[in-house]
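To keep things clear, I will list the structure first and then write my remarks on it.
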Amino acid sequence: MPQTLRTPTREVLPFMKRLTTVAAFAAATLFLTAFAPTWASGSGGGGGGGAATGGGTAIGGSTGVKTCSPSVALTATASVDPLTPRALTVSFVTNCASRAKVTLTATNTRTNALEWSQPDNVLSTFTWFYPQWGTQYRIDGRMTDGATGALLGTASTQVATRNLPASCGPTLSVAPTAGTTTADWNITVGVNAFWCQGPTNIVITGTNTSTGAQEFRQNLAAGASSVVFPRPRANTTYNIVATAYDSLNGTALTSATGSVVIGPYPADCGPSLSLNPTAGTTTADWNITVGVNTLWCFGPANVYVSATNTATGQVEYNTYVNTSGSVVLPRPKGNTTYTISASAYDAYNGAPLATATSSVTTGLLPANCAQIVGQNITTGYWGIYAAIWIQTQARDCGYGGESVHVKVTNMNSGQVEYEVYNMGMSSLLDFEGPIVKKATPYQFDIDVRGIDNEVLDSRSQIVTSSP
């Protein structure tokens, strides 16, 4: 029997639907592949005249694939208004580099010095305040990948800052004046300065024309119109120099000079200096006391006092007192004339103020009554060795500087076996050990000596050491 053809309802239609779906997906994939951009690296380019733009090189030739190369473009402008601070404004635009960072630099084209840098920027505009006047700068931009640091592009441009406006300054003048009374003994320096691009730092100095020494240096305080140099030297001319600097970059702007003459000190100010030396006459006060009186309205003063033995020409004392008071020169020689000299100096600046001289004669030196008032010598052993202990007691009757001297002599040999100087007025001496011979007579000579090693009192005793 002939076969009847059946309509493909259940089996054929699902298959056809699946085939249509696969074909559609393949077509969509081909479309995306054909039109998707391919990223390619390239170096940025630069331009002059205040801006630079960068471009990339396409990759893919005639394949129809679109390209996008990372690039950076720069723009730089300089402020032109003389009443506003000078500045350079630098902007950049990046392309196809969402993670990029841009480092900006400014190089002085005349000196080739790098004067400004702004590293690793993601912001697009920066302002550099106070570049140099009338200077051509090359602005460079270097774009790198923010994650890897790889170089993505560069750009460069040039820009010039304006010349210094004639009405801008800087101008500077000084007007120094000198005080004439005790109350205003200063140098006051009036300062007049103008600089439209401020702020400025103004330094004022004062130099002594006689010595060439700079005695004053001071910065003009913000908002001030003068400085005060205190306590100048009398009868002196000072050169005053003021120098203005740009506070932002330290550039010297201008300077001004002046001079001022300081007259003599006011009559009621001094300086004057007088001495009143006196000599003691007893053992208890055997000193020279020098009264010092200094008149100096600007005090304090440093006064240096010396005493010279007129017979020998030797300076035996040097001492110091602040302004006024007295100094004590101890233990002068008896029956001797001393020349007392004093010089006063300003404690503030070291200027010499006044000098004075006087003299004083000491009397006959009183007898020193220091004496030995007790001694005790005992014998015994120190371990296996013979030992002798000497205890002394001496009296000081006011001179000061006395000491006890002990000498030990072996009577069998006649040799001095032990000797000690400058012991205290109350002392204990140990003579012991291998140097002490047993059953041997020793002579102990004990004396008290004065400050000049003169013998004031003495004792002698022979003691035999233990057997």
Side-chain angles (χ1 to χ4, degrees), residues 279-289 306-307 309 311-312 314-320 327-336 338 362-467:
T281 57
T282 67
T283 301
D285 70 345
W286 193 254
N287 307 300
I288 296 175
T289 302
S306 65
N309 185 322
T312 64
Q314 181 179 359
V315 177
E316 295 185 4
Y317 301 98
N318 272 306
T319 189
Y320 155 88
V327 294
V328 175
L329 312 179
R331 301 281 302 167
K333 292 182 171 57
N335 201 27
T336 301
Y338 287 89
T362 59
L364 187 63
L365 188 66
N368 192 327
C369 61
Q371 59 181 338
I372 299 171
V373 295
Q375 69 180 41
N376 184 27
I377 303 176
T378 57
T379 61
Y381 293 93
W382 179 67
I384 64 173
Y385 301 106
I388 303 175
W389 298 282
I390 308 98
Q391 185 175 8
T392 61
Q393 184 71 35
R395 182 178 63 192
D396 179 355
C397 58
Y399 266 74
E402 293 85 353
S403 62
V404 174
H405 165 243
V406 177
K407 180 174 69 172
V408 182
T409 304
N410 185 321
M411 299 300 292
N412 290 339
S413 65
Q415 298 295 318
V416 176
E417 295 190 356
Y418 197 52
E419 191 167 16
V420 182
Y421 290 89
N422 299 318
M423 294 174 59
M425 300 294 277
S426 178
S427 60
L428 175 64
L429 178 65
D430 297 331
F431 179 51
E432 58 192 10
I435 65 172
V436 182
K437 308 296 188 297
K438 293 181 179 180
T440 301
Y442 286 95
Q443 178 173 309
F444 292 85
D445 295 309
I446 304 169
D447 56 60
V448 169
R449 301 194 178 195
I451 194 170
D452 295 321
N453 204 37
E454 70 275 21
V455 177
L456 304 174
D457 191 16
S458 64
R459 300 281 180 90
S460 183
Q461 184 177 347
I462 296 176
V463 175
T464 300
S465 59
S466 299

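Positions are given from 1 along the sequence. Only a predicted model underlies this, so the values are computations on that prediction, with no experimental measurement involved.
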Pair Leu456-Glu402, side-chain contact (heavy atoms from CB on, under 4.5 Å): steps then yes or no
CA-CA 9 Å; Leu456 304 174; Glu402 293 85 353; 3.8 Å; yes
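- For CZ of Arg395, the number of neighbouring non-hydrogen atoms (other residues, nucleotides, ligands) closer than 6.0 Å is 12 at most.
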Hey, mind stepping through Asn410 and Gln415 against side chain to side chain donor-acceptor pair (under 3.5 Å) and telling me if it holds?
CA-CA 5 Å; Asn410 185 321; Gln415 298 295 318; over 6 Å; no
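- Met423 has its side chain within reach of Val406: a pair of non-hydrogen atoms, C-beta onward, lies under 4.5 Å apart.
- At least one side-chain heavy atom of Tyr385 sits under 4.5 Å from a side-chain heavy atom of Pro434.
- In this model, no donor atom of one side chain and acceptor atom of the other lie less than 3.5 Å apart for Thr409 and Gln443.
- Within 6.0 Å of NZ on Lys437 lie more than 12 heavy atoms contributed by other residues, nucleotides or ligands.
- Checked against Phe431 for a side-chain contact (heavy atoms from CB on, under 4.5 Å), the options Trp382, Phe444, Trp389 give a single hit: Phe444.
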Residues Met411, Ile462; criterion side-chain contact (heavy atoms from CB on, under 4.5 Å); working and verdict
CA-CA 9 Å; Met411 299 300 292; Ile462 296 176; 4.1 Å; yes
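- Residues Val448 and Ala394 share a closest heavy-atom pair of CG2-CB, 3.5 Å.
- Without hydrogens or angle criteria, Thr362 side chain to Asn335 main chain gives a donor-acceptor distance under 3.5 Å.
- Nearest heavy-atom pair across Leu429 and Val420 is CD1-CG2, 4.0 Å.
- Side-chain contact check for Ile390 versus Leu428: every heavy-atom pair is 4.5 Å or farther apart.
- Ser458 OG to Gln371 CD: the interatomic distance, rounded to the nearest 0.5 Å, is 11.5 Å.
- Rounding to the nearest 0.5 Å places OG of Ser426 at 12.5 Å from CG of Asp396.
- Panel note: side chain Thr379, backbone Ile388; no donor-acceptor pair is recorded below 3.5 Å.
- Side-chain contact check for Gln375 and Gln461: at least one donor-acceptor pair (N or O, by modelled atom type) lies under 3.5 Å.
- For Tyr442 and Tyr418, the ring centers sit 6.0 Å or farther from each other.
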Given the rule in the side-chain contact (heavy atoms from CB on, under 4.5 Å) test, do Val328 and Ile288 qualify, once you have shown the distances and angles that lead to the verdict?
CA-CA 6 Å; Val328 175; Ile288 296 175; over 6 Å; no
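- For the residue pair Ser427/Thr392, the side-chain donor-acceptor check at 3.5 Å is satisfied.
- Annotation: side chain of Ile377 is not in contact with side chain of Gln391 (no heavy-atom distance under 4.5 Å).
- The shortest heavy-atom contact between Glu316 and Tyr338 is OE1-OH, 2.8 Å.
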Output, in order, the C-alpha distance, side-chain angles, deciding distance and verdict of side-chain contact (heavy atoms from CB on, under 4.5 Å) for Tyr381 and Lys438.
CA-CA 10 Å; Tyr381 293 93; Lys438 293 181 179 180; 4.3 Å; yes
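- Under the 3.5 Å distance criterion, with hydrogens and angles disregarded, no donor-acceptor pair is assigned to the side chains of Gln314 and Asn309.
- Asp447 is linked by a side chain to side chain donor-acceptor pair (under 3.5 Å) to His405, Arg449, counting only residues two or more places apart in sequence or in another chain.
- Within the 4.5 Å cutoff, the side chain of Pro332 has heavy atoms near those of the Tyr317 side chain.
- Between the Asn287 side chain and the Thr289 main chain, no donor and acceptor come within less than 3.5 Å of each other.
- Ala439 and Thr464 get closest at one heavy-atom pair: C-CG2, 3.9 Å.
- For Val404 against Gly424, the heavy-atom pair with the smallest separation is CG2-O, 3.3 Å.
- Contact annotation: the side chain of Pro441 approaches that of Asn412 to within less than 4.5 Å [non-hydrogen atoms, C-beta and beyond].
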